[in-house]
Structure formats: structure tokens, C-alpha cells
Amino acid sequence: MKQQSLYIQGEDYQLHLRHISKNSAGTPVLMIHGAIENGYIFYTKKGKGLACYLAEQGFDVYVADLRGRGQSTPIISANSDFGQFEAISQDIPMFLDYITNKTNKAMHVVSHSWGGVLMASCLARYPERLSQVLSKTCFGTKRSVSVKSVEKFLKVNLFWNNVAIKLANKNGFLDAKKYGVGSDNETKKSLAQSVAWVKKGAWIDPHDGFDYNEAAKNIVWPPSWHCTGVKDKVLGHEQDVKAFIAESSNHQAKFNLLSKKNGHALDYDHINILTHPQAVTDHFPLLAEWLKTHQ
């Protein structure tokens, strides 16, 4: 299995893709990470993680670092003037086109958390891009958080919707790595635009008013699978994952709650659904088989 870094040149930035492959003739898979994250949620350089597992199964895997995160440059700073709108309208289309042009094939898309919202938004906004996508898999993806609990109040109401905004205004960006609240940083714009969606309300773009909910009603989505863990009580709660499926008008989407009760090895949470060693023999093989049925 080989790993290499590929770069896509933007106007004044570079986007990074980690190419992980044992069989370059295999079906491509694009992986999109979530907020305060980067592509390392899917792989390690030593060959662990879902991306490496799928490469071992014969897929041609490309793990994205969204703009300013991971090995995409320049890294996020107070000078970073972009948000999730740019990810939806520019960066994800660039990833899709790069892989399409390189492989001359349509691809599977696998997303974690907020990455699934960005990908769905891109496809709803630009339905002509659906021809590039064979299937869509989301781990712990929700748009709004409607569950009520002490954990939700602390993580969402208090931190994400208030303290994070104040820290970003103070520093010019959310230095999530410095404060130990995430694997990567967020710009002021991406934070503000995500806060607008996390609060329960319409799926309308804060940047230009585009109505994703209305656009999604006209979409024939590719085969879709949403998974979340039973211990994911806030960031990907079963209730909110199902609400996003309904909001997307993705009525044929498959849903699984990963728990011991449902026959899985353990009760997964928002992060270990992708990083726990037992995932390799638990639900990773199920995903690989599902992807192979939608080539």
C-alpha cells in the first residue's frame, strides 16, 4: 500500500489530498472531514484508519484536507478570509474534479460529521456534480442540534455558539488546537456560518441565501448510508442524523445506529466510530461490501 501527498493549486492557496492506494485501478473514494478536524480522522501514516482499510480492500482512496487544515496551505490564521461557503462552492468541487480528471471515474464519497453537511450542500447546490458520485456515506453527520441535555448545553450552546465566537473574534480565528478543543482550527467565517446552521433553523446559506432544503427536493441522491454511534449524544445524535436525512429529502438513505444492542462490538461515539481498533473488524468490512455493491 502506497501513500503520497497530492496538491491542487487554488488562486492563493493549495489544497492537500492524501492518496492511499494498493490498486490504482480501483474505484476512487473521496473522504471529507468535519469541523475543527483534518484528514487524519481517516488515516495514519503507519497505515491505520478507514482510508487505509479501504485501500487494502482495493479502493483508490483520496483523503481531503479542507482549505487551511491539515497539509493544505497556508494554514488558518487571522488573515484567513474564507468559510464554509468557499468549501461548498470552490474546494469540494476542486477535489471532485481533480479525482475525476485523474481517474476518469466516478467516486464514492465518505464524510465525517460536518463534512457530510458540506458535501450534501455542494451536491444540492450543483446537481450536475451528482454524476461524479457513486455513493454517499456519512458518519455522525447532522446539520442542526436539537437534542437537549447538559452535554449539549456545554458543548454547543455555551462553547460553540458563544465562547468559540468570542475566541475567534479575539484572535481573528478559532485556535482550536491551542485550546485543546479540536484537531485543527476554524476561520471566523466558517465558525459563524456553521453556528448559523447548528442552531435549529432553515438550511439556507448565510452567505447568499441559497435554499438548500428546497434544492434538495429536486435531487435524486446516489445510494446513501448514514451511521452514528449510540454514545454520540450531541455531535451526531441519532435524532439529529435522522432529521438531516429527512431535511435532505434523501428518503431512500440507509441508517444504522452502531451499538452492542444492534450487534456491534461496542457502543461507539463521535470519534471512535472511525478510530477504534475494533472498527476494522466490526463496521469497516460492512462499508467495504456496501461500496462494492454500488460500483
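Each residue takes its place number in the sequence, starting with 1.
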> For Ala87, does its backbone N or O pair with a side-chain atom of Gln90 as donor and acceptor, under 3.5 Å?
Replying inline: no
>> Quick one, Val145 with His237, criterion side chain to side chain contact (heavy atoms under 4.5 Å, CB included). Give me CA distance, side-chain angles, the key distance, then yes/no.
In response: CA-CA 8 Å; Val145 180; His237 192 283; over 6 Å; no
> Nearest heavy-atom pair of Leu191 and Ala168: which atoms, and what distance?
Replying inline: CD2-CB, 3.7 Å
> From Asp12 CG over to Arg67 CZ, what is the distance, rounded to the nearest 0.5 angstrom?
Replying inline: 7.0 Å
>> Same cluster or not: Val198 versus Leu167, using hydrophobic residues (I, L, V, M, F, W, Y) connected whenever any side-chain heavy atoms lie under 4.5 Å apart?
In response: yes
>> Applying side-chain hydrogen bond (donor to acceptor under 3.5 Å, both in side chains) to Ser21 and Ser24, what does each step give before you reach the verdict?
In response: CA-CA 6 Å; Ser21 185; Ser24 59; 5.4 Å; no
> Should Ser190 and Arg69 count as side-chain neighbours, where that means a heavy-atom distance under 4.5 Å?
Replying inline: yes
> Hey, does the side chain of Arg125 reach the backbone of Leu123 with a donor-acceptor pair shorter than 3.5 angstrom?
Replying inline: no
>> Please say yes or no: joined through hydrophobic side-chain contacts below 4.5 Å, possibly via intermediate residues, are Val110 and Ile245 part of one cluster?
In response: no
>> Check this for me: Lys105, atom NZ, are more than 12 non-hydrogen atoms of other residues, nucleotides or ligands nearer than 6.0 Å?
In response: yes
>> For Ser144 and Trp203: C-alpha separation, side-chain torsions, deciding distance, then whether side chain to side chain contact (heavy atoms under 4.5 Å, CB included) applies.
In response: CA-CA 9 Å; Ser144 295; Trp203 189 17; over 6 Å; no
> CG/Leu235 to OG/Ser113 distance, rounded to the nearest 0.5 angstrom?
Replying inline: 6.0 Å
> With hydrophobic residues grouped by side-chain heavy-atom distances under 4.5 Å, do Val195 and Ile88 end up in a single group?
Replying inline: yes
> Donor-acceptor pair, Thr141 side chain versus Trp114 backbone, under 3.5 Å?
Replying inline: no
>> Given 3.5 Å as the limit, does a donor-acceptor pair link the side chain of Asn272 with the main chain of Asp269, or not?
In response: yes
>> As a test of understanding, state which of Leu54, Leu17, Ile41 forms a side-chain contact (heavy atoms from CB on, under 4.5 Å) with Met31.
In response: Leu54
> Mind checking whether His112 and Phe42 have parallel, tilted or perpendicular rings, split at 30° and 60°?
Replying inline: perpendicular
>> Please enumerate all residues that pass salt bridge (charged side-chain N to carboxylate O under 4.0 Å, His left out) together with Lys152, with sequence neighbours excluded.
In response: none
> Any side-chain heavy atom of Phe95 sitting closer than 4.5 Å to one from Leu66?
Replying inline: yes
> Should the heavy atoms of other residues, nucleotides or ligands under 6.0 Å from NZ of Lys292 be counted, would the total exceed 12?
Replying inline: yes
>> With a 4.5 Å cut-off on side-chain heavy atoms, are Leu257 and Thr228 touching?
In response: yes
> Does atom CD of Gln252 have more than 12 heavy-atom neighbours, drawn from other residues, nucleotides or ligands, at distances under 6.0 Å?
Replying inline: no
> Who pairs with Tyr98 by ring-ring contact (aromatic ring centres under 6.0 Å, His included), at least two apart in sequence or on another chain?
Replying inline: none
>> Can you classify the ring geometry of Tyr268 versus His264 as parallel (below 30°), tilted (30 to 60°) or perpendicular (above 60°)?
In response: perpendicular
> So, do Leu287 and Tyr53 sit near enough that their side-chain heavy atoms are less than 4.5 Å apart?
Replying inline: no
>> Applying a strict under-4.5 Å side-chain criterion to I, L, V, M, F, W and Y, I'd like to know whether Trp197 and Met119 cluster together.
In response: yes
> Would Ser194 and Gln84 satisfy side-chain hydrogen bond (donor to acceptor under 3.5 Å, both in side chains), going step by step from the backbone distance to the final call?
Replying inline: CA-CA 7 Å; Ser194 69; Gln84 69 179 26; 5.1 Å; no
> Any side-chain heavy atom of Ser224 sitting closer than 4.5 Å to one from Cys138?
Replying inline: no
> Do Asn161 and Val156 come close enough that some side-chain heavy atom pair is under 4.5 Å?
Replying inline: yes
>> Under a 4.0 Å threshold between the charged nitrogen and the carboxylate oxygen, would Asp65 count as salt-bridged to Arg18?
In response: no
>> Set out, in order, the CA-CA distance, both residues' side-chain angles and the distance that settles side chain to side chain contact (heavy atoms under 4.5 Å, CB included) for His33 and Tyr40, then state yes or no.
In response: CA-CA 8 Å; His33 65 80; Tyr40 282 124; over 6 Å; no
> Between His108 and Gln295, what is the shortest heavy-atom contact and its length?
Replying inline: NE2-OE1, 2.9 Å
> Atom SG of Cys227 and atom CD of Glu238: how far apart are they, to the nearest 0.5 Å?
Replying inline: 12.0 Å
> Salt bridge or not for Arg143 and Glu247, using N-O below 4.0 Å?
Replying inline: yes
> Does any N or O in the side chain of Asp184 come within less than 3.5 Å of the main-chain N or O of Gly70, such that one atom is a donor and the other an acceptor?
Replying inline: yes
> Any side-chain heavy-atom pair from Trp290 and Thr137 closer than 4.5 angstrom?
Replying inline: yes
>> Using 30° and 60° as the class boundaries, would you call the ring planes of Phe139 and His283 parallel, tilted or perpendicular?
In response: tilted
>> Is there a salt bridge (charged side-chain N to carboxylate O under 4.0 Å, His left out) between Glu56 and Lys22? Walk through the geometry before answering.
In response: CA-CA 6 Å; Glu56 287 284 358; Lys22 194 173 183 179; 3.0 Å; yes
>> Determine whether a donor-acceptor pair (N or O, by modelled atom type, separation under 3.5 Å) exists between the side chain of Thr27 and the backbone of Phe59.
In response: no
> Counting only N and O atoms by type, is there a donor-acceptor contact under 3.5 Å from the side chain of Asn185 to the main-chain atoms of Ser77?
Replying inline: no
> Are there more than 12 heavy atoms of other residues, nucleotides or ligands under 6.0 Å from atom CG of Asn104?
Replying inline: no
> So, Gln4 side chain and His19 main chain: donor-acceptor pair closer than 3.5 Å or not?
Replying inline: no
>> Working note: Asp91 + Tyr13, criterion side chain to side chain contact (heavy atoms under 4.5 Å, CB included); need CA distance, chi angles, decisive distance, verdict.
In response: CA-CA 11 Å; Asp91 300 345; Tyr13 61 94; 3.1 Å; yes
> Between Ser183 and Asn38, does a side-chain hydrogen bond (donor to acceptor under 3.5 Å, both in side chains) hold up when you go through it step by step?
Replying inline: CA-CA 7 Å; Ser183 302; Asn38 55 47; 5.7 Å; no
> Above 12 or not: heavy atoms from other molecules or residues under 6.0 Å from NZ of Lys200?
Replying inline: no
> Can you name the closest pair of heavy atoms from Ala64 and Ile32 and give their distance?
Replying inline: CB-CD1, 3.8 Å
> Which heavy atom in Gly39 sits nearest to a heavy atom in Tyr43, and how many Å separate them?
Replying inline: O-CD2, 3.3 Å
> Under 3.5 Å, is there a donor-acceptor pair between the side chain of Asp267 and the main chain of Lys260?
Replying inline: yes
>> Ignoring hydrogens, what is the shortest heavy-atom contact between Ala253 and His226? Give both atom names and the distance.
In response: CB-CD2, 4.3 Å
> Quick check: are there more than 12 heavy atoms from other residues, nucleotides or ligands sitting under 6.0 Å from CG of Leu130?
Replying inline: yes
> Between Leu118 and Trp160, is there a shared hydrophobic cluster once you connect ILVMFWY residues whose side-chain heavy atoms come closer than 4.5 Å?
Replying inline: yes
> Under 3.5 Å, side chain of Asn169 to main-chain N/O of Ile165, donor-acceptor pair present?
Replying inline: yes
>> Restricting to non-hydrogen atoms, name the atom on Pro285 and the atom on Ala279 that form the minimum distance, rounded to 0.1 Å.
In response: CD-O, 4.0 Å
>> Any heavy-atom pair between the side chains of Glu37 and Ile271 that's under 4.5 Å?
In response: yes
